[in-house]
Amino acid sequence: MKKILNGELTNESSLKAVPLTIDFFKQPTLDLAKSLLGCLLVKETDEGVTSGFIIETEAYTGPEDQAAHSYNNRRTARTEIMFAEPGHIYTYVMHTHCLVNIVSGPKDKPEAVLIRAIEPFSGIELMKKRRGITDLKNLTNGPGKLTKAMGISMADYGRSVCEPPLYICTGIQPAGISQGKRIGIDNSGEARDYPWRFWETDNPFVSRHRKRI
DNA sequence: TGGATGATGGCCT
DNA sequence: GGCCATCATCCAA
């Protein structure tokens with residue numbers, strides 16, 4: 001609809017996106033959270049391929065961030081992958097929904113970027129079928145919604161985000177980037193007010209629930 | 001082994 | 001804006 005990319009992506013029927021390489025994910029977590037805006041998230045399954053532009057992220061900056069699962073170097077079966085090299089996929093379940101993060105920071109520094117919303121690009125009918133709705137605006141405008149729409153699950157935990165079935169490709173630069181407080185972390189002391197949520201300014205697919213600026 | 005706890009979403013008023 | 005379904009995960013015991 002809105003975006004024509006790089007000469008690589010043209011339209012829904014000719015999606016030939018090339019995954020970003022590992023070096024892209026080695027930048028500092030706050031930078032990565034911003035750099036990921038506009039990139040294309042792609043998931044391949046037996047049912048088909050779905051993709052969308054990342055338009056909202058949150059940074060979780062490791063042991064010093066009280067809102068992070070890895071706060072104080074808390075190391076459990078769930079957070080183990082956060083201690084690995086950047087570019088791994090960290091999925092976890094909360095309230096019956098699966099949320100997807102990209103591990104960042106150097107090995108043994110447990111940081112991650114949460115993908116909170118995407119703008120649907122390809123496989124839209126499949127995403128509607130999985131979500132059981134037809135309204136495009138509500139298809140992927142939340143961290144639990146987008147994983148259900150794209151078929152992202154705990155089966156993706158620990159995978160590399162540089163190769164199928166779940167990977168990220170170059171997209172286009174967002175027209176503008178807005179920044180604000182992270183969502184749903186009110187029980188995190190001072191960290192609740194850190195402005196580490198980023199989104200593409202005015203993009204209609206940004207999550208609206210529990211809005212905080 | 002069980003109780004507490006959510007980086008949510010959907011429905012209600 | 002408020003309420004709550006629902007379950008993987010963690011940790012105390």
Side-chain angles (χ1 to χ4, degrees), chain A residues 29-30 32-34 36-37 41 52 54-84 86 88-105 109-120 127-159 161 166 168 178-200 204-213:
Chain A
T29 297
L30 291 173
L32 181 63
K34 284 177 273 193
L36 281 170
L37 296 176
L41 180 67
I54 297 169
I55 55 92
E56 181 180 352
T57 61
E58 282 179 0
Y60 287 86
T61 65
E64 303 83 15
D65 180 359
Q66 197 168 163
H69 294 156
S70 55
Y71 176 57
N72 206 19
N73 278 315
R74 177 184 164 101
R75 193 162 188 158
T76 66
R78 180 174 74 158
T79 64
E80 183 62 33
I81 197 63
M82 293 183 74
F83 291 81
H88 284 85
I89 295 165
Y90 170 37
T91 47
Y92 74 94
V93 175
M94 77 96 57
H95 286 98
T96 73
H97 303 284
C98 182
L99 276 59
V100 62
N101 299 249
I102 310 304
V103 173
S104 62
K109 187 88 192 302
E111 307 191 335
V113 176
L114 170 68
I115 299 176
R116 285 196 57 88
I118 65 165
E119 175 179 335
M127 290 197 281
K128 287 180 176 177
K129 177 184 163 193
R130 284 172 173 151
R131 291 270 290 118
I133 62 171
T134 57
D135 178 21
L136 188 65
K137 298 253 306 194
N138 287 316
L139 201 53
T140 57
N141 61 339
K145 297 178 186 179
L146 75 91
T147 55
K148 184 171 183 182
M150 300 186 76
I152 296 170
S153 72
M154 288 306 294
D156 294 301
Y157 182 96
R159 282 176 170 159
V161 76
L166 178 56
I168 294 175
S178 296
Q179 180 170 4
K181 297 176 183 179
R182 295 174 293 181
I183 292 177
I185 56 160
D186 288 349
N187 202 3
S188 301
E190 283 186 7
R192 59 175 282 168
D193 293 325
Y194 295 169
W196 290 347
R197 173 186 176 221
F198 305 95
W199 65 95
E200 180 180 17
F205 294 92
V206 167
S207 67
R208 300 277 176 194
H209 199 51
R210 301 185 185 90
K211 185 175 181 179
R212 299 176 70 200
I213 303 289

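Residue numbers start from 1 in every chain, and the chains themselves are labelled A, B, ... in the order their sequence lines are given, proteins ahead of strands.
- Comparing A:Met154 and A:Thr96 against DNA chain C, the residue whose closest nucleotide sits nearer the 5' end is A:Thr96.
- Here the side chain of A:Asn101 pairs a donor or acceptor atom with the backbone of A:Tyr90 at under 3.5 angstrom.
- Residue A:Asn138 contributes atom CG, which lies 14 Å from atom C1' of B:dT8 at whole-angstrom precision.
- Counting to the nearest Å, the P atom of B:dA7 and the CD1 atom of A:Ile185 are 9 Å from each other.
- One finds no side-chain N or O of A:Thr76 lying less than 4.0 angstrom from the OP1 or OP2 phosphate oxygen of C:dT9.
- Remark: A:Asn72 CG is packed, more than 12 non-hydrogen atoms of other residues, nucleotides or ligands lying under 6.0 Å away.
- For the pair A:Tyr71 OH and B:dG6 P, the interatomic distance rounds to 14 Å; values are reported in whole Å.
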Exercise for review: Kindly indicate, with the supporting measurements, whether the criterion side-chain hydrogen bond (donor to acceptor under 3.5 Å, both in side chains) is fulfilled by A:Lys145 and A:Asn141.
Suggested key: CA-CA 7 Å; A:Lys145 297 178 186 179; A:Asn141 61 339; 3.0 Å; yes

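- One atom, CG of A:Asn141, and another, P of B:dA7, lie 20 Å apart when rounded to the nearest Å.
- Between A:Lys148 and B:dT8, a side-chain N or O to OP1/OP2 separation shorter than 4.0 Å is absent.
- Picking from B:dG6, B:dA7, C:dC10 the nucleotide with the shortest atom distance to the side chain of A:Asn187 gives B:dG6.
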Point to revise | Test log, rule side-chain contact (heavy atoms from CB on, under 4.5 Å), inputs A:Phe205 and A:Leu139 | key: CA-CA 9 Å; A:Phe205 294 92; A:Leu139 201 53; 5.9 Å; no

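- Backbone-only engagement by A:Leu99 is indicated by non-hydrogen atom pairs under 4.0 Å involving sugar-phosphate atoms exclusively.
- Taking every side-chain heavy atom of A:His95 into account, C:dA5 is the closest of B:dG9, B:dA7, C:dA5.
- If you check every strand for non-hydrogen atoms under 4.0 Å, A:Arg74 touches sugar and phosphate atoms only.
- A stacked arrangement is assigned to A:Tyr60 and the six-membered base ring of B:dA7, with a centre-to-centre distance below 5.5 Å and an interplanar angle below 30°.
- When heavy atoms are screened at a 4.0 angstrom cut-off, A:Asn101 is found touching base atoms of the nucleic acid.
- Partner assigned to B:dA7 is none, using Watson-Crick or G-U wobble distances below 3.5 angstrom.
- Nearest-nucleotide positions on DNA chain C place A:His97 closer to the 5' end than the other of A:Val93 and A:His97.
- Between the OH atom of A:Tyr194 and the C1' atom of B:dA7 there is a distance of 16 Å, rounded to whole Å.
- Of the candidates A:Thr57, A:Ile183, A:Val100, A:Arg116 forms a side chain to side chain contact (heavy atoms under 4.5 Å, CB included) with just one, namely A:Ile183.
- Atom pair A:Asp186:CG and B:dT5:C1' shows a separation of 15 Å (rounding to whole Å applied).
- At whole-Å resolution of the value, CD in A:Glu80 and P in C:dT9 are 14 Å apart.
- Across the protein-nucleic acid pair, A:Arg78 atom CZ and C:dA8 atom P stand 13 Å apart, rounded to whole Å.
- Applying the Watson-Crick and G-U wobble criteria (two distances, each under 3.5 Å), C:dT6 pairs with nothing in any strand.
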